[in-house]
Asker: 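Below are the structure tokens for one structure; questions will follow.
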Amino acid sequence: MTSSFMRTALVLGLLTAIGPFAIDMYLPALPAIGQSLHADTGEVQWSLMAFFLSLGLCQLIYGPWSDMVGRKTPLYVGLVLFAVTSVACGLAQDIHTLTMWRFIQGIGACATMVIPRAIVRDLHTGTDAARLMSLLMLVFSVSPVLAPLAGSIAIELASWRAVFWAVTVAAVLGLVLTATMLPETRPPADRVGSNLASAWAGYVTLMKDWQFLGLTFIGGFGMASFFVYLANSSFVLIQGYGLTPTVYSFFFSINAVAFIGTAQLTGWLTKRFGLQGVVKVAAIGYVLPLIVLVVVFVMGVQRLDVLAILLFIGYGFLGLIIPTTSVLALDNHGDIAGTASALLGTLQMVTGAVIVTLMGLFMDGTALTMVAGITGCALITWVIAWLTLRHPTQHGHAAA
């Protein structure tokens, strides 16, 4: 790996981590925000879901826009918007105002989600893309390891508002990195023919591509299982199991360690077994420990150590699924990489938001309900993987 390859992975990983950092650092603050702003659990969760929704939907704008004008200009706009609205969130005096600004904050953050994936596709395909994506995921995974701990420390030293001052600093750092270390990977010659009409035609083409949709939803329901955990774990673990925000942050980061470790095996595994082969095995490895977890919890053994161990194993396999399905989905769409990345991101984020919203109808604050939702998503992930990858395709062999 060259220094340029590593530098690109570092910058793209840090940019991609900005949006999740604003989520993960926020999680330990949810109970405190409810108390401070006199809001119930549902209202506080909506401030999280508003961010998820805009983070997903507005990728449909940034993707084609980056195909038309290049990758860097949309990144600048998104980062500036994210920084300004982070300050506004920190000054909010009621839950409805906070939810509004969180929605707009997500509009800025989604630029850092969709465009780095398109840049990976601009630069590489197949195994090289999987290797770069896994390195990007390594940096990206710093967020769920450090962000909850940083959030809990900020809450204890100051208040939940300090969370937003921290993410403002992260946005400014992202601007500096984009300006000084990130080259433009979409040259003017490649932008010829990219316009609103071509963007619409690209979306129509992608929506007819069942392989693309299947791969997108494999990752989408995998991510949805984690969204269920994101939205409910602070209430279950802090209020249900009695963990302090700091201990909760360490508990939360355990799953990220599994995700980081397995994601770094992606390049080696895909070179040896192919992208499709890795996805098939990982989907099985992902669902089995979660089925065991829900069975054990239904039997009444709702111990925290059991929850930690089986989630660690399951989310470890998820670390193989996310980068490989993203690479496979984008491999055949290099000419509209921004548009394809946008639709992939939007469908995955909306899937997560819908699942969390539906789960909100059934959540009773217990670990069993949360575990059932996570396992349900894992089962759907495995079913879609089996249906999509039943037969080897030219797409899959080329990608491998």
Asker: Are Leu81 and Leu91 connected into the same hydrophobic cluster when the rule is that any two of I, L, V, M, F, W, Y join if their side-chain heavy atoms are below 4.5 Å apart?
Answerer: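 Leu91 and Leu81: separate clusters.
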Asker: Are Met100 and Leu55 connected in a single hydrophobic cluster, I mean Ile/Leu/Val/Met/Phe/Trp/Tyr linked by side-chain heavy atoms less than 4.5 Å apart?
Answerer: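 Both belong to a single hydrophobic cluster.
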Asker: Would you name the heavy atoms of Val236 and Met370 that are closest together and state the gap between them?
Answerer: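 Scanning both residues completely, I find the closest heavy atoms to be CG2-SD, 4.2 Å.
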Asker: Taking only residues two or more places apart in sequence, or in another chain, which ones meet Phe217 in a ring-ring contact (aromatic ring centres under 6.0 Å, His included)?
Answerer: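 Phe217 satisfies ring-ring contact (aromatic ring centres under 6.0 Å, His included) with no residue once adjacent residues are dropped.
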Asker: Tell me, do Leu75 and Leu182 make a side-chain contact under 4.5 Å, heavy atoms counted?
Answerer: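 Leu75 vs Leu182: side chains touch.
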Asker: Rounded to the nearest 0.5 Å, how far does CG of Leu53 lie from SG of Cys58?
Answerer: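 Rounded to the nearest 0.5 Å, the SG-CG separation comes out at 10.0 Å.
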Asker: Count the heavy atoms of every other residue, nucleotide or ligand shown that sit under 6.0 Å from CG of Leu157, and state whether that count exceeds 12.
Answerer: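 Counting neighbours around CG of Leu157, more than 12 heavy atoms of other residues, nucleotides or ligands fall under 6.0 Å, so yes.
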Asker: Given the rule in the side-chain contact (heavy atoms from CB on, under 4.5 Å) test, do Thr351 and Thr216 qualify, once you have shown the distances and angles that lead to the verdict?
Answerer: CA-CA 10 Å; Thr351 298; Thr216 295; over 6 Å; no
Asker: CD1/Ile291 to CG/Leu310 distance, rounded to the nearest 0.5 angstrom?
Answerer: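 One gets 11.5 Å once the value is rounded to the nearest 0.5 Å.
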Asker: Nearest 0.5 Å, please: how far is CD1 in Ile104 from OG in Ser86?
Answerer: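 That separation rounds to 11.5 Å.
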Asker: For residues 83-113, which residue pairs pass the ring pair (Phe, Tyr, Trp, His ring centres under 6.0 Å) check, not counting sequence neighbours?
Answerer: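 Of all non-adjacent pairs touching residues 83-113, none passes ring pair (Phe, Tyr, Trp, His ring centres under 6.0 Å).
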Asker: Report the residue from Leu307, Ile313, Val298 that forms a side chain to side chain contact (heavy atoms under 4.5 Å, CB included) with Leu293.
Answerer: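 Going through Leu307, Ile313, Val298 one by one, the side chain to side chain contact (heavy atoms under 4.5 Å, CB included) with Leu293 is satisfied by Leu307 alone.
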Asker: Look up atom CG in Leu275 and atom CG in Leu328, then write down how far apart they are to the nearest 0.5 Å.
Answerer: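 Between atom CG of Leu275 and atom CG of Leu328 there are 4.5 Å.
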Asker: Does CH2 in Trp65 sit with more than 12 non-hydrogen atoms of other residues, nucleotides or ligands closer than 6.0 Å?
Answerer: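 Correct, the count exceeds 12.
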Asker: For atom CH2 of Trp160, decide whether the heavy atoms of other residues, nucleotides or ligands shown that lie under 6.0 angstrom number more than 12.
Answerer: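 For Trp160, atom CH2 is crowded (more than 12 foreign heavy atoms under 6.0 Å).
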Asker: Can you measure from CD1 (Ile33) to CD1 (Ile155) and round to the nearest 0.5 angstrom?
Answerer: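 Result: 7.5 Å between the selected atoms.
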Asker: Any donor-acceptor pair under 3.5 Å linking the side chain of Tyr62 with the backbone of Thr112?
Answerer: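 No, Tyr62 side chain to Thr112 backbone: no donor-acceptor pair under 3.5 Å.
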Asker: Find out whether Val114 and Ser66 are in side-chain contact, i.e. whether some heavy atom of one side chain is under 4.5 Å from a heavy atom of the other.
Answerer: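 Result no, sub-4.5 Å side-chain heavy-atom pair not found.
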Asker: Counting N and O atoms only, with roles assigned by atom type, does the side chain of Arg161 sit under 3.5 Å from a partner on the main chain of Gly90, one being a donor and the other an acceptor?
Answerer: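 Checked: pair present.
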Asker: Carefully, step by step, assess Gln59 and Gln348 under the rule side-chain contact (heavy atoms from CB on, under 4.5 Å).
Answerer: CA-CA 11 Å; Gln59 291 188 49; Gln348 291 184 343; over 6 Å; no
Asker: Taking side chain to side chain contact (heavy atoms under 4.5 Å, CB included) as the criterion, tell me which of Ile380, Leu387, Ile384 meets it with Ile218.
Answerer: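 Checked Ile380, Leu387, Ile384 against Ile218; only one passes side chain to side chain contact (heavy atoms under 4.5 Å, CB included): Ile384.
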Asker: Look at the side-chain heavy atoms of Ile, Leu, Val, Met, Phe, Trp and Tyr, link any pair under 4.5 Å apart, and say whether Met181 and Val120 land in one connected group.
Answerer: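 Per the 4.5 Å side-chain linkage, Met181 and Val120 are co-clustered.
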Asker: Is there side-chain contact between Ile355 and Cys377, with heavy atoms separated by less than 4.5 Å?
Answerer: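 They are in side-chain contact.
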Asker: Only distances under 3.5 Å count here; give the side-chain donor-acceptor pairs of residues 165-180 to other protein atoms, sequence neighbours excluded, each with its distance to 0.1 Å.
Answerer:
{"residue": "Thr168", "atom": "OG1", "partner": "Phe164", "partner atom": "O", "Å": "2.8"}
{"residue": "Thr178", "atom": "OG1", "partner": "Gly174", "partner atom": "O", "Å": "2.9"}
{"residue": "Thr180", "atom": "OG1", "partner": "Val176", "partner atom": "O", "Å": "2.7"}

Asker: Taking the side chain as every heavy atom from C-beta outward, state whether Thr381 and Tyr286 have any atom pair closer than 4.5 Å.
Answerer: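 Yes, at least one pair of side-chain atoms sits under 4.5 Å.
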Asker: Considering only heavy atoms from C-beta outward, does the side chain of Asp94 approach that of Leu37 to under 4.5 Å?
Answerer: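 The answer is no; the side chains never approach within 4.5 Å.
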Asker: Just do the side-chain contact (heavy atoms from CB on, under 4.5 Å) check on Leu290 and Ile374 with the steps written out, would you?
Answerer: CA-CA 8 Å; Leu290 295 177; Ile374 293 172; 3.9 Å; yes
Asker: Identify the heavy atoms of Val44 and Ala39 that sit nearest to each other, and give their distance.
Answerer: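 Looking at all heavy atoms of both residues, the shortest contact is CG2-CB, 3.9 Å.
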Asker: I'd like to know if the side chain of Arg186 and the backbone of Asp67 have a donor-acceptor N/O pair within less than 3.5 Å.
Answerer: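 Indeed, once roles are kept as given, a pair shorter than 3.5 Å links the two residues.
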Asker: Indicate if Met299 and Leu304 have the same hydrophobic cluster label, given that clusters are the connected sets of ILVMFWY residues with side-chain heavy-atom separations under 4.5 angstrom.
Answerer: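 Yes, because Met299 and Leu304 connect within a single hydrophobic cluster, where side-chain heavy atoms sit under 4.5 Å apart.
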Asker: Where is the tightest heavy-atom contact between Pro20 and Met113, given as atom of each residue plus distance?
Answerer: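 Scanning both residues completely, I find the closest heavy atoms to be CD-SD, 3.8 Å.
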Asker: Do Ile284 and Phe317 come close enough that some side-chain heavy atom pair is under 4.5 Å?
Answerer: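 No - every pair of side-chain heavy atoms lies 4.5 Å or more apart.
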Asker: When the ring planes of Phe226 and Tyr315 are compared, do they come out parallel, tilted or perpendicular, using 30° and 60° as the limits?
Answerer: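 Perpendicular.
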Asker: Quick check: does any side chain N or O of Tyr229 sit under 3.5 Å from a backbone N or O of Leu311, one acting as donor and the other as acceptor?
Answerer: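 No, the answer is negative, given that no donor and acceptor are paired below the 3.5 Å cut-off.
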Asker: A side-chain contact here means heavy atoms from C-beta on lying under 4.5 Å apart; do Leu215 and Leu389 qualify?
Answerer: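 SC-SC contact between Leu215 and Leu389 confirmed.
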Asker: Which atoms form the tightest heavy-atom contact between Ala342 and Gly63, and what is the distance?
Answerer: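 Answer, listing the atom of Ala342 first, then Gly63: CB-CA, 3.6 Å.
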Asker: Is there a side-chain contact between Ile238 and Thr244 in this structure, where contact means two heavy atoms from C-beta onward sitting under 4.5 Å apart?
Answerer: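 A side-chain contact under 4.5 Å is absent here.
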Asker: Please tell me whether Val281 and Leu318 are part of a single hydrophobic cluster in this structure, the criterion being side-chain heavy atoms less than 4.5 Å apart.
Answerer: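 No, Val281 does not connect to Leu318 through the hydrophobic network.
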Asker: Say whether, by atom type as modelled, one donor and one acceptor occur between the side chain of Ser225 and the main chain of Gly222 under 3.5 angstrom.
Answerer: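 Looks like yes, one N/O pair under 3.5 Å.
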Asker: Could you go through the side-chain contact (heavy atoms from CB on, under 4.5 Å) check for Met349 and Leu57 one step at a time?
Answerer: CA-CA 8 Å; Met349 292 299 296; Leu57 291 174; over 6 Å; no
Asker: Ignoring hydrogens and geometry, is there a side-chain-to-backbone donor-acceptor pair from Gln35 to Ala32 under 3.5 Å?
Answerer: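 Not a single qualifying donor-acceptor pair exists.
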Asker: Output the distance between atom CZ (Phe21) and atom CG (Leu14), rounded to the nearest 0.5 Å.
Answerer: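 Here the rounded value is 10.5 Å.
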Asker: Kindly give the heavy-atom pair with the smallest separation between Ala22 and Phe82, and that separation in Å.
Answerer: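 Looking at all heavy atoms of both residues, the shortest contact is CB-CZ, 3.8 Å.
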Asker: If you compare all heavy atoms of Ser341 against all heavy atoms of Ala118, which two are closest, and at what distance to 0.1 Å?
Answerer: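 Shortest heavy-atom separation between Ser341 and Ala118 comes out as OG-N, 4.0 Å.
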